[in-house]
Amino acid sequence: QVQLVESGGGVVQAGGSLRLSCAASGRTFITYVMGWFRQAPGKEREFVASIMRSGGTTYYDDSVKGRFTISRDNAKNTVYLQMNSLKPEDTAVYYCAADRSVAQVRVVGEYAWWGQGTQVTVSS
């Protein structure tokens with residue numbers, strides 16, 4: 001079992017940047033595939049980005065490709081989401097997710113553990 005705690009959300013103007021962090025408990029962080037998802041009001045939770053165990057492979061939703069970067073520091077048990085050129089449509093609660101075995105990284109149900117979420121609001 002792993003506990004995930006997100007931080008770094010806030011209010012930013014369109015075109016601005018934020019960096020989200022997700023700290024994981026335990027000593028087996030490197031065994032987890034990590035993902036970021038988001039959920040806007042009235043919408044389903046959707047995939048944003050994911051990163052494999054060693055950090056060498058990443059995946060992005062087309063809506064954020066080129067603007068967001070996912071990374072991880074296995075020594076610090078932390079995964080990051082650097083968000084640049086933010087748009088109002090990026091406004092959502094952002095969730096960190098983890099699982100040891102993920103067949104389809106873009107699917108919510110593939111991840112067993114979730115953080116509590118952090119709010120990101122982008123004003124126009």
Side-chain angles (χ1 to χ4, degrees):
Q1 187 172 350
V2 62
Q3 292 182 321
L4 305 172
V5 179
E6 302 98 333
S7 61
V11 180
V12 64
Q13 288 189 332
S17 298
L18 283 174
R19 188 175 83 153
L20 305 183
S21 299
C22 172
S25 63
R27 292 177 285 184
T28 59
F29 179 72
I30 196 170
T31 66
Y32 293 96
V33 174
M34 301 299 298
W36 284 99
F37 289 75
R38 66 186 180 187
Q39 188 166 17
K43 295 189 177 182
E44 293 186 352
R45 194 168 298 188
E46 64 178 15
F47 171 76
V48 175
S50 65
I51 188 166
M52 297 298 103
R53 298 168 188 83
S54 67
T57 302
T58 57
Y59 301 90
Y60 297 93
D61 185 76
D62 287 345
S63 65
V64 306
K65 202 172 293 183
R67 299 188 298 123
F68 291 10
T69 302
I70 188 171
S71 62
R72 65 190 295 164
D73 185 336
N74 288 334
K76 295 183 178 180
N77 283 15
T78 302
V79 62
Y80 305 98
L81 185 69
Q82 177 66 44
M83 305 186 295
N84 299 329
S85 302
L86 283 162
K87 304 175 182 180
E89 51 264 44
D90 294 318
T91 295
V93 177
Y94 282 70
Y95 297 90
C96 174
D99 204 300
R100 284 201 171 96
S101 178
V102 178
Q104 301 180 73
V105 297
R106 301 171 188 271
V107 176
V108 169
E110 290 281 329
Y111 297 82
W113 293 285
W114 293 83
Q116 82 289 350
T118 185
Q119 176 71 47
V120 171
T121 302
V122 184
S123 62
S124 58

Legend entry - ILVMFWY cluster, Y94 and M34 together (side-chain gap under 4.5 Å): yes
Inset, instruction - Show the numbers, then the answer: is there a side-chain contact (heavy atoms from CB on, under 4.5 Å) between V105 and M52? - result: CA-CA 9 Å; V105 297; M52 297 298 103; 3.6 Å; yes
Legend entry - Partner set under salt bridge (charged side-chain N to carboxylate O under 4.0 Å, His left out) for E89, not counting sequence neighbours: none
Legend entry - R19 backbone acceptor or donor facing Q82 side chain under 3.5 Å: no
Inset, instruction - Supply the atom-to-atom distance I70 CD1 to T57 OG1, rounded to the nearest 0.5 angstrom. - result: 11.5 Å
Inset, instruction - Any chance you could lay out the side-chain contact (heavy atoms from CB on, under 4.5 Å) test for T91 and V122, step after step, and finish with the verdict? - result: CA-CA 5 Å; T91 295; V122 184; 3.8 Å; yes
Inset, instruction - Examine R72 relative to F29 and say whether NZ or CZ is less than 6.0 Å from the centre of the six-membered ring and inside a 45° cone about the ring axis. - result: yes
Inset, instruction - Apply the test side-chain contact (heavy atoms from CB on, under 4.5 Å) to residues E110 and D99: give CA-CA distance (whole Å), side-chain angles for both, the deciding distance (0.1 Å), then the verdict. - result: CA-CA 7 Å; E110 290 281 329; D99 204 300; over 6 Å; no
Inset, instruction - Would you check, one step at a time, whether the test salt bridge (Lys or Arg N to Asp or Glu O under 4.0 Å) holds for D62 with K65? - result: CA-CA 5 Å; D62 287 345; K65 202 172 293 183; 3.1 Å; yes
Legend entry - Between W36 and F68, ring centroids under 6.0 Å: no
Inset, instruction - Check whether the ring centres of Y111 and F37 lie less than 6.0 Å apart, and answer yes or no. - result: yes
Inset, instruction - Scan for salt bridge (Lys or Arg N to Asp or Glu O under 4.0 Å) pairs involving residues 43-52, sequence neighbours excluded, and state none if there are none. - result: R38-E46
Legend entry - Donor-acceptor contact below 3.5 Å, side chain R106 vs main chain S50: no
